[in-house]
Amino acid sequence: MSDFQILDASRETAAAAHPKTFYLETFGCQMNVHDSEKVIGTLTQQGYQQVQTEEAADLILYNTCSIRDKAEQKVFNRLNDYKKLTAQGKRFGVLGCVAQQEGEKIFERAPYVSLVSGSASYRKLPEMLVRLELGEKRITGLDDRQTDETFETEFTARTNRHRGYITIIEGCDKFCAYCVVPYTRGKERSRTSTSVLAEAQRMADSGYTEIQLLGQNVNSYRDSEGKRSFAELLAAVGEIPGIRRVRFTTSHPRDFTPDIVQAIDAVPTLCDHVHLPVQSGSTDVLRMMQREYTREWYLERISWIKAAKRPISMTTDIIVGFPGETPQDFEETITLLAEVQYDAVFAFKYSPRPNTPAITMADSIPDETKSERLQILLDRQREIQRANYSNHIGQTLEVIVEGHNQARGQVIGRTSQNKTLNFTTGQPILPAAGSYLPVRVTKSFPNSLVGESVA
Ligand code: 5AD
Ligand code: SF4
């Protein structure tokens, strides 16, 4: 018997007497949310019980994000707020992108942290937990970014019973000048389409109807078995009996091919939505960002989407105030919004990040100017959305029920285009979460729709 098994047995006895507890808080993107589901599944499998407050936990974990400075600060603030709990013997672990980026420096900034692990090392969590329980004070999992392996686990603890994520590709090889992701999540590695489809099938078998395929750069997916392209994988997931909606995020324009639009047109379960981050409407800024496309090249992809037979909603990410962005460059971003007519824009002020190529450029746009540009952009976009959303009035759209707003007596639904549609039913018993219903749109706002269910 190995030491590992002896430890396992003693842990089981201890667990029966007093189950070890953990608290996990997640910051950042859907990739992190889904990683946390896998971490929760792994810890539960190791005999830990999840609790809802730091105070109730033996082990306090933060799954962190470092995409912008503010996100990174949050974790250090949180650690600071709760460090007093170390006096009660509680242990702290920092997971995710800040862990990978800052590495052992975290032990200097917060000496009471015992575990620092980037996402590429989560496969080793069970082993790291054993070391933690043995009393080791400085455990790191930081060395696996260049791995070919992905973090798949049969123990994923999905939080929603109807909608679930599947990671199909991890990491990013694009190296945009501002972005920390290639350094925190490492090189691109795709799962086989066989394993993705097996997971989707298992989810369908246990009642999931909506699947979201995830990747930092999802459409750069390359099946290592060479069986399916990204578009073919999308279609294959959509054709699994019981699956009613398939989404995917995030797509890079460089890897956006016409067969993705053709798949959406051909397979009804693929949702009417593409998130295609543009970052800037100015070709000069795109060059400085190392995005490797021009405004015109991006707009060509948009024209493919607009030419689809189905009404495909488009959303994007934009960075304002990248070093060297002139008023003219910014104006080109504004005209791009008007040209594309997005249904949502996630806009951010440029934030210099460690290790990235752009860190060597002066952060030349004053914060005040960044804030002004952000506000102008959001104001313009709000008007575009006001018009776009009002076009739905009178339409009947299928929604999945996400929950209920008791105070307003409304049911919260989501359309295939990923729009929130709040509605009333006129019935005393409200439809259950996860059900699908046709709803007629009666009213619109820039960010949501209102309607009545159709009997
Ligand atoms: N500063 C501001 N925004 C950034 N993003 C990525 N890196 C930065 C940065 N350094 C934005 C991009 C990306 C989204 C996830 O976050 O728009 O698409
Ligand atoms: Fe970051 Fe660019 Fe990769 Fe997206 S494609 S994760 S913005 S480096």
Considering only heavy atoms from C-beta outward, does the side chain of [X] approach that of [Y] to under 4.5 Å?
{"X": "Arg414", "Y": "Val399", "value": "no"}
{"X": "Glu25", "Y": "Tyr23", "value": "yes"}
{"X": "Asn418", "Y": "Thr315", "value": "no"}

Kindly indicate whether a cation-pi arrangement holds for Lys370 with Tyr350, taking the cut-offs as under 6.0 Å to the six-membered ring centre and within 45° of the axis.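 Judged by the rule, Lys370 and Tyr350 form no cation-pi pair.
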
Go through the steps for Glu210 and Arg247 under the test salt bridge (charged side-chain N to carboxylate O under 4.0 Å, His left out), then give the verdict. CA-CA 8 Å; Glu210 178 170 329; Arg247 302 184 184 281; 2.9 Å; yes

Counting N and O atoms only, with roles assigned by atom type, does the side chain of [X] sit under 3.5 Å from a partner on the main chain of [Y], one being a donor and the other an acceptor?
{"X": "Asn80", "Y": "Asn77", "value": "no"}
{"X": "Thr316", "Y": "Val278", "value": "yes"}
{"X": "Tyr342", "Y": "His275", "value": "no"}
{"X": "Thr156", "Y": "Arg158", "value": "no"}
{"X": "Glu325", "Y": "Gly321", "value": "yes"}
{"X": "Glu37", "Y": "Thr159", "value": "yes"}
{"X": "Asp255", "Y": "Asn219", "value": "no"}
{"X": "Lys38", "Y": "Arg123", "value": "no"}
{"X": "Ser36", "Y": "Thr26", "value": "no"}
{"X": "Ser435", "Y": "Ala432", "value": "yes"}

Can you measure from CG (Asn217) to OG (Ser251) and round to the nearest 0.5 angstrom?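 One finds 8.0 Å between CG of Asn217 and OG of Ser251.
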
For residues Phe248 and Phe230, establish whether the separation of their ring centroids is below 6.0 Å.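 Yes; Phe230 has its ring centre under 6.0 Å from that of Phe248.
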
Are Phe348 and Phe322 close enough that their ring centres sit under 6.0 Å apart?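 Here the rings of Phe322 and Phe348 have centres that are no less than 6.0 Å from each other.
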
Check the side chains of [Y] and [X] for a donor-acceptor pair under 3.5 angstrom, ignoring hydrogens and angles.
{"X": "Gln50", "Y": "Tyr48", "answer": "no"}
{"X": "Asp223", "Y": "Ser193", "answer": "yes"}
{"X": "Lys70", "Y": "Ser351", "answer": "no"}
{"X": "Thr194", "Y": "Glu225", "answer": "yes"}
{"X": "Tyr62", "Y": "Glu54", "answer": "yes"}
{"X": "Glu188", "Y": "Ser220", "answer": "yes"}

State whether the number of non-hydrogen atoms from other residues, nucleotides or ligands found under 6.0 Å of Lys443 atom NZ is greater than 12.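 It does not: Lys443 NZ has 12 such atoms or fewer within range.
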
I need the full list of salt bridge (charged side-chain N to carboxylate O under 4.0 Å, His left out) pairs touching residues 375-396, with sequence neighbours left out, sorted by first then second residue.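 Every salt bridge (charged side-chain N to carboxylate O under 4.0 Å, His left out) pair that includes a residue of residues 375-396, provided the two are not neighbours, is Glu383-Arg386.
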
